[in-house]
Amino acid sequence: MTDPQASHAPLIIDIGSQALNAVDRRRLADPLVGGVIHFARNWQDRAQLSALNVEIKALRPDILICVDHEGGRVQRFRTDGFTHLPPMGSLGKLWMQDPMRATQAAVACGLVLAAELRACGVDFSFTPVLDLDFGESSVIGNRSFHRDPRVVALLARSLTHGLLQAGMANCGKHFPGHGFVRADSHVAIPVDRRSLKAILADDAQPYDWLAGTLSAVMPAHVIYSKVDARPAGFSAKWLQDVLRGRLGFEGAVFSDDLSMEAARRIQGEQLSYTDAALAALGAGCDLALLCNQSIGESTVLDEVLDGFAKARRDGRWQPSADSEARRRALLPRTAALAWNDLMQTPAYKQASALLSRLF
């Protein structure tokens, strides 16, 4: 009988270009790989992206094809018919004028975002951003809906409803909140010195209110020094005690990109990519994200795959059936519409028309 844990595929990796090469195919076939994340470099047009994703699924039907596609400045595909989605801050501004129209627009954003991606073979987008807009964070900025956690939660719930209408799961980020700190965790290690009580009463409230709505959560590469010396994505206190225990979240937890500067420096020690991924999983993440490591001659992904296989043999890592079940729950459960068919559906046409009028 097959061990149900043997299929745990905790790594989300990338590919270098607009088509698979032999190295990509070998890596994607590795049973440790559970997903692939696309970037703008993987895009030429809809036909190319669709063909790429068909080839990926032919190799691994169960693989989760992901992208960061939020709207505003974080939108990987912008041409050949893709709707230019507004930044989420625009929905927050609309809320201040007309809350009901803003929630309607958020549903429309989610539906258009997910339906267009799915029509090209993408399963999942890392959205919505639940960070609060304190006006301090350049990396978050207008990616945030609003300063008020109540507005953030309501607009995010509406956005996830639109995603769901198109058959896509969701991912709230960056837990418990990245909006208060100025430093960009892509290049530095932000430190938030507020108390646990203060964070739970403000930034983390959307995660509490949406605990039963969110399919997945991505923690911040931020150190909340009064709670734990480790960044949230490597902290069992945040992921297990607070997110799972106190807030009751039961969905998947992704690490943020482990290629980022803050990702591999823990309590003064610079970890290897393998050890960083193992530390994230050990703290409570289900999936470890490794971006931009397939470009050129980089061997990082192969080193991580070898490192995980060795860690399992050495007993330093054990596959998790629960984590694998959470990963598989993010895969779409309905067939996607072809692009031309999608363009003719009443729901898509209404959502698209609303967004074009408002933004």
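Not one N or O on the side chain of Gln165 forms a donor-acceptor pair closer than 3.5 Å with the backbone of Ala108.
Taking the salt bridge (Lys or Arg N to Asp or Glu O under 4.0 Å) definition, one finds that Arg328 meets it with Asp62, Glu324, sequence neighbours left out. Listed by chain and number, the residues in a salt bridge (Lys or Arg N to Asp or Glu O under 4.0 Å) with Asp131 amount to none (sequence neighbours excluded). In this structure Arg101 satisfies the salt bridge (Lys or Arg N to Asp or Glu O under 4.0 Å) test with no other residue, sequence neighbours excluded. Residues meeting the side chain to side chain contact (heavy atoms under 4.5 Å, CB included) test with Gln350, sequence neighbours left out: Pro346. Tyr207 pairs by the ring pair (Phe, Tyr, Trp, His ring centres under 6.0 Å) definition with Phe175, not counting sequence neighbours.
For Gln240, the CD atom sits in a packed shell: over 12 heavy atoms of surrounding residues, nucleotides or ligands are nearer than 6.0 Å. Within a 6.0 Å sphere centred on CZ of Arg150, other residues, nucleotides and ligands contribute 12 heavy atoms or fewer. For Arg333, the CZ atom sits in a loose shell: 12 or fewer heavy atoms of surrounding residues, nucleotides or ligands are nearer than 6.0 Å.
Ion pairing between Arg147 and Asp202 holds under the 4.0 Å rule for side-chain N and carboxylate O. At a threshold of 4.0 Å, the pair Arg230-Asp228 does not count as salt-bridged, since none of the basic side-chain nitrogens sits closer than that to a carboxylate oxygen. We find that Asp286 and Arg244 are joined by a salt bridge, their nearest charged nitrogen and carboxylate oxygen being less than 4.0 Å apart. In this structure, Asp314 pairs ionically with Lys310, as a charged nitrogen and a carboxylate oxygen lie closer than 4.0 Å.
With values rounded to the nearest 0.5 angstrom, Arg118 atom CZ is found 11.0 Å from Ile65 atom CD1. Within the model, atoms CG of Leu159 and CG of Leu164 stand 11.5 Å from one another, a figure rounded to the nearest 0.5 Å. Interatomic distance, CZ of Phe77 versus NE2 of His69, reported as 7.0 Å (0.5 Å rounding). Distance check, rounded to the nearest 0.5 Å: CH2 of Trp95 to OG1 of Thr103 gives 6.5 Å. Note: Ser294 OG to Asp14 CG = 3.5 Å, rounded to the nearest 0.5 Å. The line from CG of Leu132 to CD of Gln205 is 9.0 Å long, rounded to the nearest 0.5 Å.
Among pairs with a residue in residues 158-177, those fulfilling salt bridge (charged side-chain N to carboxylate O under 4.0 Å, His left out) read Asp68-Lys173, Glu70-Lys173, at least two apart in sequence or across chains.
Between Trp317 and Phe308, the ring planes lie perpendicular to each other; the angle is over 60°, past the 30° to 60° tilted range.
Two different hydrophobic clusters hold Val129 and Leu289 under the rule that ILVMFWY side chains link at heavy-atom gaps under 4.5 Å.
Looking only at atom types and distance, the side chain of Ser320 has no donor-acceptor partner in the side chain of Asp322 under 3.5 Å away.
In this structure, Ala106 and Ser158 approach most closely via the heavy-atom pair CB-CB, 3.6 Å. For the residue pair Ser255 and Ala288, the shortest heavy atom distance occurs at OG-CA, 3.5 Å. Here the shortest heavy-atom pairing between Gln18 and Trp43 reads NE2-O, 3.1 Å. Nearest heavy atoms, Ala351 versus Leu111: CB-CD2, 4.3 Å.
The six-membered or imidazole ring of Trp339 lies near that of Phe82, with a centre-to-centre distance under 6.0 Å.
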**OP:** Could you check Leu52 against Ile15 for side-chain contact (heavy atoms from CB on, under 4.5 Å), going step by step and ending with a plain yes or no?
**Re:** CA-CA 11 Å; Leu52 172 62; Ile15 57 176; 3.7 Å; yes
Subject >> Derivation and outcome, side-chain contact (heavy atoms from CB on, under 4.5 Å), residues Val33 and Leu305 >> reply: CA-CA 8 Å; Val33 173; Leu305 291 170; 3.8 Å; yes
